[in-house]
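Let me begin by presenting the structure, written as structure tokens, before commenting on it.
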Amino acid sequence: MASVSEHILDELTWRGLIAQSTDLDALRRDLDAGPLTLYAGFDPTAPSLHAGNLVPLLMLTRFQRAGHRPIVLAGGATGMVGDPRDQGERTLNSLDVVAEWAARIRGQLERFVEFDGSPTGAVVVNNLDWTGGMSVLEYLRDVGKHFSINVMLARETVKRRLEGDGMSYTEFSYLLLQSHDYLQLHRKYDCALQVGGSDQWGNIVGGVELVRRIDGDAVHALTAPLVTDAEGRKFGKSTGGGNIWLDPALTSPYAWYQYFVNVGDADVVRYLRLFTFLPREEIDALAEQTAERPHLRAAQRRLAEEFTRLVHGEHETRQVIAASQALFGRGELRDLDEPTLTAAMAEAPTGSVRLADAPTIVDLLVSSGLTPSRGAARRAVNEGGAYVNNVKIGDEDWRPATGDLLHGRWLVLRRGKRSTAGVEVAP
RNA sequence: GGCGGGUUGCCCGAGCGGUCAAAGGGAGCAGACUGUAAAUCUGUCGCGAAAGCUACGAAGGUUCGAACCCUUCACCCGCCA
């Protein structure tokens, strides 16, 4: 729906989504000439996409809404090789694992674009389809011949790796595979634009040059900035250190929502521009609210809501908002009616214990998953960071009584200020 | 194929026969202050109530005692062929 008459490139610009590009004026002309086909690739380096992957993925969505045709590419082939990164050589995953991850990721990718069979209907591909059958000689003669080692050695990542622990020929070749993808998509689908994160710039322009050298066509490249927080840390790492994943089995919708509610003031407006489709006026209004009444966290709530809806859907979003309000609300937990509390418990992490076992606060914390070990649980209690039903518990030997149970079966645990969980208590 | 260097906790990194569950830094967690923010300060940071157990690439060995010494294996890096 191109309800906004603003040009897609102008929109991407004010959202802060353009880091590097080939000739923008030429791209604009091609975009204006009619539906343009573009692609972004995602390698299966994990069983799920994570929050950071959404910047280029949503870029495809934005282009589709502006009347262009997106191709989402699952890197079944490139995922078997591994893109060189600064941290050193990757460990190869088995073919089975890569194939399974590629299938999962493909399923996630499909949710962000529309497949309607129209000229702007999305296409999903897997680069294994054309790379898997390529012979070594084809690779060396038809692809490799067009690449200069001198240029490849000059790439930042390669330079850093050569100064460090070195790099395998396999990873060094990654550029050729991704470049070849662009060529294939250009031929099959007339694809003329590749988008990705700015770390992909070298790989993308590699494809642009390959297409120019072999087919003589000028195609485009556009990258989005790598998203970092105000501290410069890579975006999408949960407070626990790991990635936040799209797969609800890996990161629950509740945890997803909570992560974005907790985004800092310095980042929230930028994230609204990058990760939502909210119009400029609305984002500006939220920015103003953050500046004037930061404690309301209006922008954070809106970001979390929009982003959860985008990834997990309307129904889940309503559930997790209700759960968050119940658990973080000012109100007395005892005043919550049973359906509300039960629904909230269904969203938050929960554990279960039996009253007959006479569990202590330490047992409860471990059971709920709020602490990883009993030692950590005891520490939390001694630090004054353990709560049951919003009442601080300072004694490691504290045990719940029947009267503590909410609606006869729930205890709401909290560790610190932000982590809550439920425990279902059986007689 | 030869020679040399390396593999330490979530990450980086010190340790080089007992006093090492292992310095230091980062990350994480908690407390204070706040707004489910940031910054700052403080505490904490393998498992266990404890005894103790498990850990310093893997497996053996020497020793009263090993992350530290020896042997073999695996992997990584560099130089030479």
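Residue numbers start from 1 in every chain, and the chains themselves are labelled A, B, ... in the order their sequence lines are given, proteins ahead of strands.
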Nearest-Å distance for atom pair [atom1]/[atom2], residues [X] and [N]:
X	N	atom1	atom2	result
A/Tyr387	B/rA30	OH	P	11 Å
A/Glu396	B/rA30	CD	C1'	15 Å
A/Tyr271	B/rA37	OH	P	15 Å
A/Arg414	B/rA30	CZ	C1'	13 Å
A/His295	B/rA38	NE2	C1'	16 Å
A/Leu370	B/rA30	CG	P	10 Å
A/Leu303	B/rA37	CG	C1'	13 Å
A/Asn382	B/rC45	CG	C1'	14 Å

Distance between the [atom1] atoms of [N] and [M], in whole angstroms?
N	M	atom1	value
B/rA50	B/rC29	P	24 Å
B/rU71	B/rG26	C1'	38 Å
B/rU7	B/rC68	C1'	14 Å
B/rA38	B/rG28	P	10 Å
B/rG43	B/rA58	C1'	38 Å
B/rA67	B/rU40	P	38 Å
B/rG78	B/rC69	C1'	26 Å
B/rG48	B/rC64	P	35 Å

State the pairing partner of [N]; accept Watson-Crick or G-U wobble contacts with both distances under 3.5 Å, and report none otherwise.
N	answer
B/rG1	B/rC80
B/rC75	B/rG6
B/rA67	none
B/rA30	B/rU42
B/rA50	none

Pick the closest RNA chain B nucleotide for A/Pro372 and for A/Leu296 by heavy atoms, then say which residue is nearer the 5' end. A/Leu296
When you match A/Val261 and A/Ser373 each to their closest nucleotide on RNA chain B, which lands nearer the 5' end? A/Val261
A/Phe275 vs A/Phe260 aromatic rings, parallel, tilted or perpendicular, using cut-offs 30° and 60°? tilted
Does the plane of the ring in A/Phe172 sit parallel, tilted or perpendicular to the ring in A/Tyr169? Use 30° and 60° as the thresholds. tilted
So A/Arg374, base contact, sugar-phosphate only, or nothing? Heavy-atom distance under 4.0 Å. sugar-phosphate
According to a strict under-4.0 Å criterion, is A/Arg418 in side-chain N/O contact with OP1 or OP2 of B/rA37? yes
Heavy atoms of other groups near A/Gln20 CD, more than 12 under 6.0 Å: yes
Do the side chain of A/Glu383 and the base of B/rG43 come within less than 3.5 angstrom through a donor-acceptor pair of N or O atoms? yes
Within the modelled atom types, does a donor on one side and an acceptor on the other bring the side chain of A/Arg297 and the base of B/rG35 under 3.5 Å apart? yes
[X] side-chain proximity, nearest of [options]:
X	options	answer
A/Gln300	B/rC47, B/rC29, B/rG35	B/rG35
A/Arg415	B/rC29, B/rA38, B/rG31	B/rC29
A/Ser419	B/rA49, B/rA37, B/rA30	B/rA30
A/Arg379	B/rG31, B/rC47, B/rA30	B/rC47

Closest non-hydrogen atom pair, A/Pro248 against A/Pro253: CB-CD, 4.0 Å
Hey, mind stepping through A/Tyr39 and A/Tyr182 against ring pair (Phe, Tyr, Trp, His ring centres under 6.0 Å) and telling me if it holds? CA-CA 8 Å; A/Tyr39 100 94; A/Tyr182 201 169; 5.7 Å; yes
Kindly confirm or rule out a cation-pi arrangement of A/Arg62 over A/Phe277, judged by NZ or CZ under 6.0 Å from the six-membered ring centre and within 45° of its axis? yes
Quick one: which of A/Asp247, A/Asn53, A/Val311 gives a side chain to side chain contact (heavy atoms under 4.5 Å, CB included) with A/Gln108? A/Asp247
